[in-house]
A.B. asks: 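One structure, as structure tokens, below. Some questions next.
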Amino acid sequence: MIYQHGSKEEIMKSIKQKLLRFPDETVIYPGHGEPAMIREEKENYK
């Protein structure tokens, strides 16, 4: 993977602090792929 604006660790920390704090039912639109719910994404970022 290429990380243009930070290391993998910085990006993962940001996702956990800013995105995964929303309720599980929140729908997100990532800009690539299909929409997902926070509940689904939490499984990927344990």
A.B. asks: Taking side chain to side chain donor-acceptor pair (under 3.5 Å) as the test, write out the residues that go with Lys13, two or more places apart.
C.D. replies: none
A.B. asks: Please list, chain by chain and in numerical order, all residues satisfying side chain to side chain donor-acceptor pair (under 3.5 Å) with Glu25, sequence neighbours excluded.
C.D. replies: none
A.B. asks: Group every Ile, Leu, Val, Met, Phe, Trp and Tyr by side-chain heavy-atom contacts under 4.5 Å, then state whether Ile15 and Met37 land in the same group.
C.D. replies: no
A.B. asks: Indicate yes or no: at least one non-hydrogen side-chain atom of Glu41 is less than 4.5 angstrom from one of Asn44.
C.D. replies: yes
A.B. asks: Do you know the tightest heavy-atom contact between Pro30 and Pro35?
C.D. replies: CD-CA, 4.2 Å
A.B. asks: Can you tell me if Gln17 uses its side chain to pair, donor with acceptor, with the backbone of Ser14 under 3.5 Å?
C.D. replies: no
A.B. asks: How long is the gap from CD1 on Ile38 to OG1 on Thr26, to the nearest 0.5 Å?
C.D. replies: 5.5 Å
